[in-house]
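Numbered from 1 within each chain, the chains take letters A, B, ... in sequence-line order. Everything numeric here is computed off the predicted structure, so don't read it as measured data.
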2 protein chains.
Amino acid sequence: MTDDSETLQTPPIAPATVEEFRDRLASITEDLPKRLRQCADHIAANTDRIAVSTVAELAAGADVPPSALMRFCQIIGFSGFSEMQKLFREAYAPGWPDYSTRLKNLKANRAGSPAALLAEFVEAGRLSLESLAKSVDEQVLDRAVATLSRADTIHVVGLRRAFPVASYLAYVFEKMAVPAMLHDGVGKLDHRFALRPGDAVLAITFAPYSEETLTLAADAHARGLPVIGLTDTLTSPLARLADAVVTVPEVDFGAFRSLSATIALAISLAVAVGSARE
Amino acid sequence: MTDDSETLQTPPIAPATVEEFRDRLASITEDLPKRLRQCADHIAANTDRIAVSTVAELAAGADVPPSALMRFCQIIGFSGFSEMQKLFREAYAPGWPDYSTRLKNLKANRAGSPAALLAEFVEAGRLSLESLAKSVDEQVLDRAVATLSRADTIHVVGLRRAFPVASYLAYVFEKMAVPAMLHDGVGKLDHRFALRPGDAVLAITFAPYSEETLTLAADAHARGLPVIGLTDTLTSPLARLADAVVTVPEVDFGAFRSLSATIALAISLAVAVGSARE
DNA sequence: TGCCGTATGGAATAAAAATTCCAAAAGTTG
DNA sequence: CAACTTTTGGAATTTTTATTCCATACGGCA
């Protein structure tokens with residue numbers, strides 16, 4: 001008998017995804033002794049808290065001693081609670097952990113062929129877009145669009161790294177017949193006096209933040225004009241000057257960003273403003 | 001002195017909500033010493049992972065020793081990391097069901113809302129990147145890099161829709177110390193005589209092809225200078241003038257292209273050329 | 001009712017994580 | 001350039017958390 005039970009025993013195949021976890025849970029729940037069943041039920045109802053709880057907390061929730069919960073983890077196929085928790089912690093932020101490490105490696109051996117480089121940038125772009133979709137704050141976006149739609153003229157400013165974005169915004173605004181002015185710093189001319197009451201500023205800057213962009217934003221802010229910021233983090237100096245700050249998560253490759261997410265955001269903003277004004 | 005500093009010292013008022021946390025973060029970030037600033041930046045960019053990470057993990061991400069991160073938590077007003085983490089664990093709502101579900105939600109919003117538009121552009125960008133990765137011709141890419149690496153000066157030209165790409169290329173070349181000149185059409189000045197023997201032209205244009213770009217490419221071609229084209233199809237008028245044509249499949253949404261794939265390709269090209277020249 | 005196998009709770013232990021502390025480095029100021 | 005302050009890294013310590021183990025309770029069966 002003993003050998004039989006050994007053979008039939010729960011195979012130590014731990015679920016590799018949240019999906020698999022749920023399947024396994026459903027398949028074993030019914031023929032489980034009382035306490036383990038309590039575990040299963042509580043876990044099923046609170047799957048999302050696994051990532052942020054301790055054994056003791058979860059056990060208390062299921063009204064069982066910690067050791068029961070440990071047994072439960074092992075029955076599912078994990079070596080213990082920590083391994084199970086790992087699954088949920090990683091599922092929460094997929095891909096991210098070793099990504100920047102990979103970039104560093106690639107940077108180290110600069111033997112990268114053009115095609116290999118391209119693959120990296122494509123991947124970076126895809127990830128950026130994904131995390132943009134996940135993280136964007138709809139309220140802020142709505143507010144930004146509303147503000148810009150009311151403006152007489154939109155002053156777009158973004159230099160260096162942000163200049164491609166600024167120039168694309170200017171292009172789209174032009175196509176949609178939205179009065180806009182691109183502050184491009186050509187000839188080091190200072191166009192700040194072009195700002196009139198009723199106008200709004202759309203400023204784009206990423207670390208290291210460009211002095212001129214911040215100056216223009218500060219100037220507009222001081223004069224009571226609405227400022228919309230497009231930047232990398234909420235700690236950016238733009239945050240203090242702007243009425244609405246939209247942040248874009250973008251992965252750097254050395255000094256270079258893929259800009260995919262930023263451009264996608266910019267163009268959405270521009271098209272939304274264009275439509276709203278009609 | 002000691003009493004003064006005690007009085008002036010950061011009040012130990014810990015943020016009680018994630019909102020307050022962000023405010024506090026933004027307000028202190030700028031006058032923070034180097035390491036603590038790294039903490040602030042990394043935390044700002046990865047706020048959502050605080051709940052599921054350990055001190056060691058976050059510290060590694062910020063590239064600082066764990067003790068620096070502890071100090072950071074205390075400066076913000078918490079007694080330590082655990083207290084800070086508690087805030088985020090309580091506010092925790094998992095990001096899954098992830099990306100694709102989130103996209104659907106965004107799109108489900110009233111059509112034409114900024115968020116819905118963003119979802120469309122994100123989708124278009126991703127598709128473009130995917131098909132770029134699948135369709136890119138490595139041989140052509142290698143040839144383009146080789147040609148540009150040999151050039152004395154690289155003349156970058158791209159107008160209207162392609163201008164953001166051209167300007168980004170110019171930026172990257174500058175950062176990598178590659179001699180490059182951006183033909184931007186400012187003041188309608190014609191810089192064609194800047195083309196010298198030994199130079200190369202990198203021309204970017206999409207339908208409807210910009211006259212000025214084609215003219216410059218044709219001119220260079222006539223004078224025997226190598227021309228590299230970045231365009232949408234092999235039937236583009238650039239194809240006849242160029243020594244190597246790299247095509248980018250870009251998925252349009254409405255009248256506007258996301259540019260994601262084009263920028264990814266451009267930056268790969270630039271970085272490859274920059275590396276090759278060293 | 002007495003036997004046996006499984007299930008259970010909690011105390012003991014091991015592992016991992018957070019936190020403190022201090023000596024050394026870096027930076028400032030007179 | 002010396003005295004002093006601030007910042008830093010890492011080793012030592014403490015606290016928390018996970019995990020194991022075993023004596024006991026329970027339930028079915030003869």
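What you find for A:Ala68 and A:Leu36 is that their closest heavy atoms are O-CD2, 3.5 Å.
Distance B:Leu69 CG to C:dA17 C1': 13 Å, rounded to the nearest Å. For the pair A:Lys86 NZ and C:dA17 C1', the computed distance is 17 Å after rounding to whole Å. Distance CG (A:Leu32) to P (C:dA7): 9 Å, rounded to an integer number of Å. Atom CZ of A:Phe72 and atom P of C:dA7 are 15 Å apart (whole Å).
Looking at A:Thr231 and A:Ser236, their side chains do bring a donor and an acceptor atom within 3.5 Å of each other. Remark: the B:Arg37 side chain and the B:Thr29 side chain contain no N/O donor-acceptor pair separated by less than 3.5 Å. For the residue pair A:Arg35/A:Gln38, the side-chain donor-acceptor check at 3.5 Å is satisfied.
Panel note: side chain B:Thr47, backbone B:Ala44; a donor-acceptor pair is recorded below 3.5 Å. A:Glu90 contributes no side-chain N or O that, together with a main-chain N or O of A:Leu87, makes up a donor-acceptor pair within less than 3.5 Å. Between the side chain of A:Asp243 and the backbone N or O of A:Ile228 there is no donor-acceptor pair closer than 3.5 Å.
Here chain B contacts DNA chain D (any atom closer than 4.0 Å to a heavy atom, that is under 4.0 Å), and the contacts span D:dT7 to D:dG10 from 5' to 3'.
Using a cutoff of 4.0 Å between basic side-chain nitrogens and carboxylate oxygens, B:Glu130 and A:Arg126 are scored as salt-bridged.
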Apply the test ring-ring contact (aromatic ring centres under 6.0 Å, His included) to residues A:Phe163 and B:Tyr168: give CA-CA distance (whole Å), side-chain angles for both, the deciding distance (0.1 Å), then the verdict. CA-CA 8 Å; A:Phe163 183 64; B:Tyr168 197 41; over 10 Å; no
Atom pairs, N/O to N/O, protein against nucleotides 19-28 of chain C, distance under 3.5 Å?
from, atom 1, to, atom 2, distance (Å)
C:dT19, OP1, B:Ser82, OG, 3.2
C:dT19, OP2, B:Phe81, N, 2.6
C:dT19, OP2, B:Ser82, N, 3.1
C:dT20, OP2, B:Gln74, NE2, 2.8

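Over its length, the helix from C:dT1-D:dA30 to C:dG30-D:dC1 turns its helix axis by 20°, as judged from the five terminal pairs at each end, rounded to 10°.
Rounding to the nearest 0.5 Å places CG of A:Leu32 at 9.0 Å from CG of A:Asp41.
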